[in-house]
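Counting begins at 1 with the first residue of the sequence.
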Amino acid sequence: MNRRKFLTLMGTAGVVSAIATPKAAEAGVHTFPYYDNGYGVLHDLTRCIGCRQCEVGCNKVNNLPAPKVPFSDLTVTHKKRRTTTTEWTVVNRYDLGDKEYVFRKQQCFHCNDPACASACFTKCYIKNPDGSVSYNDKQCVGCRYCMVACPFYIPTFEYEEAFDPIIQKCTFCKSRLEKGQLPGCVEHCTMDALTFGRRKDLINIAHKRIAANPDKYLDYIYGENDCGGTAWMVIMPKPKGMAQCAPGNASEAHDAMKKVGLDTGLGNQPMGELTYGALGTVPMIISFWPLLLGGAYGITKRREAIAKANQEAAVAEERQKTIDAAVACIEKEQGKEAAEQHRAAMTAALEAQDSASQHGGEDK
């Protein structure tokens, strides 16, 4: 039994007990307890051959629809793909230069302090003791703030679903973990590129691999500290001709990690601390928006009424001036009695015209 299989066996054996103890922390800044016994996966890019068997496993255990491009077609990895509502994990090929290529699996990183959870004002996301970040579609209102907040662009929305769209993403195969089983992708990996175990143990394994082969590996574990730490972590080969970075130095590792689509510039601060301040005000806004919009509507209608009254008054004043001028001319030529008769006739005609206009006129 190799080391990975041993870690896998020992890891899954303790999952049930680990997830049954502390209560899962719900969304909110500074509320995640950073479970020390949480689980994770270490993805070693030096071992990945882009066979897409992890995609097969994910598709199978989650009962997802068959992809448009068959799993046997490996050329699909040559074009960068994102996860979708029906593809929760995808493998892409990356060019390190000097005709050197590597493959990396992309899925939810299951952050220690997930930005999606801190941004969700309906508390749809929960960080669980087993290391997974789960989503409850029963509480979702479709605001998609989680999509905006996620630094890895993972949550996807069912735009094609007209009646009840929800968010879809990798679940860390939580239901399988609860049964002591491996995530589908890990179980189907044929090259030991995915190692499952306790997160703290995986970090030690990664450091030992790097120390044993300093010319082979870049001395950086992506996800150890990035974004406050993630359950899924990545180690990669050091590109040919590139100087080794100082251990764990994000700025020195940036250029190499960028070649495989990973950003070391996100910092070590949990993303939840950055998103909560801005998006945490959303519940308050939603509570008061009927009052605010109602007040704005009332003000607008009042302004319209005042403007209409002023307009009508101006028209009436000009109309009276016209009648007075006409009556003055008639009085001068025909006398006062005739002038008053014409005044009465003109006033009646204008009133009739106003009445017809108010009731639709001749078009009614």
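Between the Arg199 side chain and the Glu224 main chain, a donor and an acceptor come within less than 3.5 Å of each other. Panel note: side chain Asn136, backbone Lys138; a donor-acceptor pair is recorded below 3.5 Å. No side-chain donor-acceptor contact under 3.5 Å links Thr230 to the backbone of His110. Without hydrogens or angle criteria, Arg47 side chain to Asp192 main chain gives a donor-acceptor distance under 3.5 Å. In terms of modelled atom types and a separation under 3.5 Å, the side chain of Asn112 and the main chain of Gly228 share a donor-acceptor contact. Judged by distance alone, the side chain of Arg82 and the main-chain N or O of Val90 form no donor-acceptor pair under 3.5 Å. A distance-only check finds a donor-acceptor pair linking the side chain of Asp73 to the backbone of Thr75 [under 3.5 Å].
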For this session: In sequence, state the C-alpha distance, the side-chain angles, and the governing distance for Lys174 and Asp130, and then conclude on salt bridge (Lys or Arg N to Asp or Glu O under 4.0 Å).
Result: CA-CA 8 Å; Lys174 181 171 173 58; Asp130 61 8; 3.1 Å; yes
For this session: Go through the steps for Asn62 and Cys173 under the test side-chain contact (heavy atoms from CB on, under 4.5 Å), then give the verdict.
Result: CA-CA 8 Å; Asn62 291 296; Cys173 290; 4.2 Å; yes
For this session: Check the pair Tyr135, Cys140 against side-chain contact (heavy atoms from CB on, under 4.5 Å), reporting the backbone distance first and the verdict last.
Result: CA-CA 9 Å; Tyr135 161 79; Cys140 185; 3.2 Å; yes
For this session: Verify side-chain contact (heavy atoms from CB on, under 4.5 Å) between Val102 and Arg93, making sure each step is shown before the conclusion.
Result: CA-CA 6 Å; Val102 295; Arg93 188 181 77 164; over 6 Å; no
Problem set entry | Derivation and outcome, side-chain contact (heavy atoms from CB on, under 4.5 Å), residues Glu87 and Arg81 | CA-CA 10 Å; Glu87 296 172 307; Arg81 297 178 295 158; 4.3 Å; yes
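Across all their heavy atoms, Thr156 and Thr84 have their closest contact at OG1-C, 3.3 Å. Listed here is the closest heavy atom pair of Ala231 and Gly131: CB-O, 3.8 Å. Closest approach of Ile221 to Ala206, counting heavy atoms only: CD1-CB, 3.5 Å. Shown here for Cys227 and Leu266, the closest heavy-atom pair between the two residues is SG-CD1, 3.4 Å. Closest of all the heavy-atom pairs between Trp232 and Cys185 is CH2-SG, 3.5 Å. Among all heavy-atom pairs drawn from Val69 and Val76, the shortest one is CG1-CB, 4.0 Å.
Counting only heavy atoms from C-beta outward, the side chains of Ile235 and Leu42 approach each other to under 4.5 Å. The side-chain heavy atoms of Cys108 and Phe152, taken from C-beta on, include no pair separated by under 4.5 Å. Residues Leu64 and Cys58 meet the side-chain proximity criterion, which asks for heavy atoms closer than 4.5 Å. Leu194 has its side chain within reach of Val41: a pair of non-hydrogen atoms, C-beta onward, lies under 4.5 Å apart. Considering only heavy atoms from C-beta on, Cys146 comes within 4.5 Å of Ile167 through its side chain. Side-chain contact between Tyr145 and Phe121 is present, with at least one heavy-atom pair separated by less than 4.5 Å. Within the 4.5 Å cutoff, the side chain of Thr195 has no heavy atoms near those of the His43 side chain. The shortest side-chain heavy-atom distance between Cys51 and Thr190 falls under the 4.5 Å cut-off.
In this structure, OH in Tyr94 is found 10.5 Å from SG in Cys48, a value given to the nearest 0.5 Å. Rounding to the nearest 0.5 Å gives a distance of 11.0 Å between CG of Leu96 and NZ of Lys238. For the atom pair SG of Cys116 and CD1 of Ile126, the computed distance is 11.0 Å after rounding to the nearest 0.5 Å. Atom CG of Asn128 sits about 8.0 Å away from atom CD of Glu178, to the nearest 0.5 Å. Note: Arg209 CZ to Lys216 NZ = 8.5 Å, rounded to the nearest 0.5 Å. One distance of note links OG1 of Thr264 with CG of Leu262; it measures 9.0 Å at 0.5 Å rounding.
For OH of Tyr153, the number of neighbouring non-hydrogen atoms (other residues, nucleotides, ligands) closer than 6.0 Å is 12 at most. Within a 6.0 Å sphere centred on CD of Glu337, other residues, nucleotides and ligands contribute 12 heavy atoms or fewer.
Within the structure, the side-chain hydrogen bond (donor to acceptor under 3.5 Å, both in side chains) test picks out the following pairs touching residues 162-172 (sequence neighbours left out): Glu158-Gln168.
Note on Met236: it does not cluster hydrophobically with Phe103, by side-chain heavy-atom contacts below 4.5 Å among ILVMFWY residues. No continuous path of hydrophobic side-chain contacts links Val133 to Val61 [ILVMFWY only; heavy atoms under 4.5 Å]. Both Val260 and Phe109 belong to a single network of hydrophobic side chains, linked directly or stepwise wherever heavy atoms of I, L, V, M, F, W or Y lie under 4.5 Å apart. Cluster annotation: Val186 is connected to Tyr222 through the hydrophobic network of ILVMFWY side chains, with a link wherever side-chain heavy atoms come within less than 4.5 Å. Clustering ILVMFWY residues whenever any of their side-chain heavy atoms sit less than 4.5 angstrom apart, transitively, puts Val91 in a cluster other than the one holding Val234.
Listed by chain and residue number, Asn225 satisfy the side-chain contact (heavy atoms from CB on, under 4.5 Å) test with Asn268 (two or more places apart in sequence, or in another chain).
Under the 30°/60° scheme for interplanar angles, the aromatic rings of Phe196 and Phe172 are found to stand perpendicular.
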Using distance only, find each side-chain donor-acceptor pair of residues 242-254 under 3.5 Å and give its atom names and separation, not counting sequence neighbours.
unit_1 : atom_1 : unit_2 : atom_2 : d
Gln244 : OE1    : Asp219 : N      : 2.9
Gln244 : NE2    : Pro214 : O      : 2.8
Gln244 : NE2    : Tyr217 : O      : 2.9
Asn249 : OD1    : Ser251 : N      : 3.1
Asn249 : OD1    : Ser251 : OG     : 2.7
Asn249 : OD1    : Glu252 : N      : 2.9
Glu252 : OE1    : Ala246 : N      : 2.7

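Thr77 and Asn92 are not linked by any side-chain donor-acceptor pair at a separation below 3.5 angstrom, with hydrogens and angles left out of the test. Using a 3.5 Å distance cut-off with no hydrogens or angles, the side chains of Gln106 and Arg104 do pair a donor with an acceptor. Looking only at atom types and distance, the side chain of Arg198 has a donor-acceptor partner in the side chain of Tyr39 under 3.5 Å away. No side-chain donor from either of Asn59 and Glu55 sits under 3.5 Å from a side-chain acceptor of the other. Side-chain atoms of Thr89 and Lys105 form a donor-acceptor pair, as typed in the model, at a separation below 3.5 Å.
Between Asp95 and Lys259 there is no salt bridge, since no side-chain nitrogen of the basic residue lies less than 4.0 Å from a carboxylate oxygen of the acidic one. Using a 4.0 Å cut-off between a side-chain N of Lys or Arg and a carboxylate O of Asp or Glu, Asp263 and Lys258 do not qualify as a salt bridge.
Geometrically, Arg144 engages Phe157 in a cation-pi contact defined by less than 6.0 Å to the ring centre and at most 45° from the axis.
Tested against Met191 for a side chain to side chain contact (heavy atoms under 4.5 Å, CB included), the candidates Ile49, Thr46, Asp44 yield a single pass: Ile49.
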